[in-house]
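The block underneath contains the structure these notes are about, expressed in structure tokens.
Proteins come first, then strands; the chains are lettered A, B, ... in the order of their sequence lines, and each starts at number 1.
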Number of protein chains: 2
Amino acid sequence: MSTRQKLVDGMADLLWERGYVGTSPAAILERSGVGQGSLYHHFDGKQDLAVAAIQANAEILKQAARETLVPPGHAYERLERFLLRDREILRGCRIGRLTQDPEVYVNEALRRPVEDTFQWMRARLSEVIATGQQLGELEDAVDPDDMASAIVATLQGGYVLARAEHDESRFAAAIRGLLALVHSQVRQP
Amino acid sequence: MSTRQKLVDGMADLLWERGYVGTSPAAILERSGVGQGSLYHHFDGKQDLAVAAIQANAEILKQAARETLVPPGHAYERLERFLLRDREILRGCRIGRLTQDPEVYVNEALRRPVEDTFQWMRARLSEVIATGQQLGELEDAVDPDDMASAIVATLQGGYVLARAEHDESRFAAAIRGLLALVHSQVRQP
DNA sequence: GTCTATACCCCGATAGAC
DNA sequence: GTCTATCGGGGTATAGAC
């Protein structure tokens, strides 16, 4: 692996674990196993590397969503597959955790890829729900965009609950609750 | 207001805005309008002050929940009142944001009041839901604790979505989606 | 391209006067 | 109880050799 790639991967992990303000150049170098000079040769500085690392983390999330949201299956089954995919619960969300970082929140270069990822995710879920409603698989009592927002929010909040209590099962409970509510939208044949 | 109280209030605001690792003693003093010596006279240090400030923030949240979850009203109306109460969306949750702080997550003294607050909130919501089911106001298709977890998670995630896009309406959309799903549990008379 | 050495500043805490 | 002065350490970036 290239030195540049080692830096991006190390930074991506640290952003996930500690956020932007909680990650120092020294920690990046130690995690990546490269020397001081390499960081400032390949990137303008911490922020520049962070943008690349955030994009790498976003791509991982998007790929996992693509793999689970596709057919086969009715809308409910596709949503269920997405919600129940394997996750490292207590580590939280690689992208969502950054919304709480005070520097990311006010820095457009850092926040932009975060915003893009949430918009993308919401659009994909909304498509699945709208298609399900059109095919008569789901009741159309709930606006697809609102339901997609509630699903993404429950995921993000599930991580919060689990981390608050150091207990993965709090995430599972929230997802069970949501799935039970969504299941009430499945149209009986 | 006492100097001690100024310190607690200033720290509570900064923990909300910037988290624990993002808050420096210098910022605390500036926000509180007190001198360097006062901090270390009234508290052992940053951590000790933070514990007091987290408890102060938790009490604000609990009071708002008490005021909205009480009767009058059927279970759905009480949940709706709780979910739609006035909030400073883009500032995020005073308590939930701390779950993403790398220091709070690993420090029991800091995390304990966060965990306690989430357990308390979930228990109050679960009571409202279980009572509603017993009174026949709600279907009993969803476990009360799971539904309470989904509600708290959607709130927490709603803040995440809004902050990711610098747009309060993303919070509102998630809550609308959740309320529409919860409304499907209201038993028709 | 990568290394070591170093600059400069702010972080969190302490000292000691008043 | 509050103040100013100061400490040791680590955060972020740069210099310059190889």
Side-chain angles (χ1 to χ4, degrees), chain A residues 1-54 56 97-98 100-111, chain B residues 1-56 97-98 100-111 113:
Chain A
M1 189 171 16
S2 72
T3 299
R4 186 195 159 91
Q5 190 62 41
K6 284 181 193 167
L7 283 164
V8 171
D9 289 357
M11 184 58 154
D13 263 15
L14 284 167
L15 286 176
W16 188 8
E17 285 174 27
R18 304 191 46 83
Y20 185 79
V21 303
T23 297
S24 68
I28 298 166
L29 302 177
E30 185 186 356
R31 183 70 60 106
S32 306
V34 308
Q36 174 79 341
S38 299
L39 200 172
Y40 293 94
H41 172 75
H42 290 287
F43 298 94
D44 287 346
K46 174 179 161 178
Q47 175 181 326
D48 188 37
L49 171 57
V51 171
I54 292 170
R97 73 106 55 235
L98 294 172
Q100 305 303 329
D101 189 291
E103 189 62 27
V104 172
Y105 185 68
V106 301
N107 184 320
E108 284 301 299
L110 295 170
R111 190 181 62 82
Chain B
M1 188 172 15
S2 72
T3 300
R4 185 193 159 93
Q5 191 61 43
K6 285 181 191 166
L7 283 164
V8 171
D9 289 358
M11 184 58 155
D13 264 14
L14 285 167
L15 286 176
W16 188 8
E17 286 174 27
R18 304 191 46 84
Y20 185 80
V21 303
T23 297
S24 67
I28 298 166
L29 301 178
E30 185 186 355
R31 183 69 61 107
S32 306
V34 307
Q36 174 79 340
S38 299
L39 200 171
Y40 294 95
H41 173 74
H42 290 287
F43 298 94
D44 287 347
K46 174 179 163 179
Q47 175 181 325
D48 188 36
L49 171 56
V51 170
I54 293 169
Q55 286 166 342
R97 72 105 58 234
L98 294 172
Q100 305 303 328
D101 190 292
E103 189 61 28
V104 172
Y105 185 68
V106 301
N107 185 320
E108 285 300 301
L110 295 170
R111 190 181 62 81

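- Residues passing the side chain to side chain donor-acceptor pair (under 3.5 Å) test with A:E30, sequence neighbours excluded: none.
- In this structure, CD1 of A:I28 is placed 8 Å from P of D:dT12, rounded to the nearest angstrom.
- Looking at every heavy atom in both residues, B:L15 comes nearest to B:A53 through CD1-CB, 3.8 Å.
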Between A:L98 and A:L110, does the side-chain contact (heavy atoms from CB on, under 4.5 Å) criterion hold? Intermediate values first, please.
CA-CA 9 Å; A:L98 294 172; A:L110 295 170; over 6 Å; no
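- Within residues 3-14 of chain A, the residues having any heavy atom under 4.0 Å from DNA chain C are, by residue number, A:T3.
- Between D:dT2 and B:S38, a contact under 4.0 Å exists linking OP1 or OP2 to a side-chain N or O.
- Put simply, B:H41 has no side-chain N or O that comes within less than 4.0 Å of OP1 or OP2 on D:dC3.
- Looking at every heavy atom in both residues, A:V21 comes nearest to B:V21 through CG2-CG2, 3.8 Å.
- Look at CG on A:D48: it is 15 Å from P on D:dT12, rounded to the nearest Å.
- The salt bridge (charged side-chain N to carboxylate O under 4.0 Å, His left out) check on B:R111 picks up B:E108, B:E115, with sequence neighbours excluded.
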Using a 4.0 Å heavy-atom cut-off, write out nucleotides 4-18 of chain C from 5' to 3' as B (base contacted by protein), S (sugar-phosphate only) or - (no contact).
BB-----SBBB----
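- The side chain to side chain donor-acceptor pair (under 3.5 Å) test applied to B:E17 returns B:R31, B:R91, not counting sequence neighbours.
- Of all the heavy atoms in B:G10 and B:S32, the pair that sits closest is CA-OG, 3.8 Å.
- Computed from coordinates, the B:L29 CG to D:dT4 P distance equals 11 Å when rounded to whole Å.
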Kindly list each side-chain donor-acceptor pair under 3.5 angstrom involving residues 40-50 of chain B, sequence neighbours excluded, with atom names and distances?
| from | atom 1 | to | atom 2 | distance (Å) |
| --- | --- | --- | --- | --- |
| B:K46 | NZ | B:Y20 | O | 2.9 |
| B:K46 | NZ | B:T23 | O | 2.8 |
| B:Q47 | OE1 | B:N107 | ND2 | 3.1 |
| B:D48 | OD2 | B:D44 | N | 3.0 |

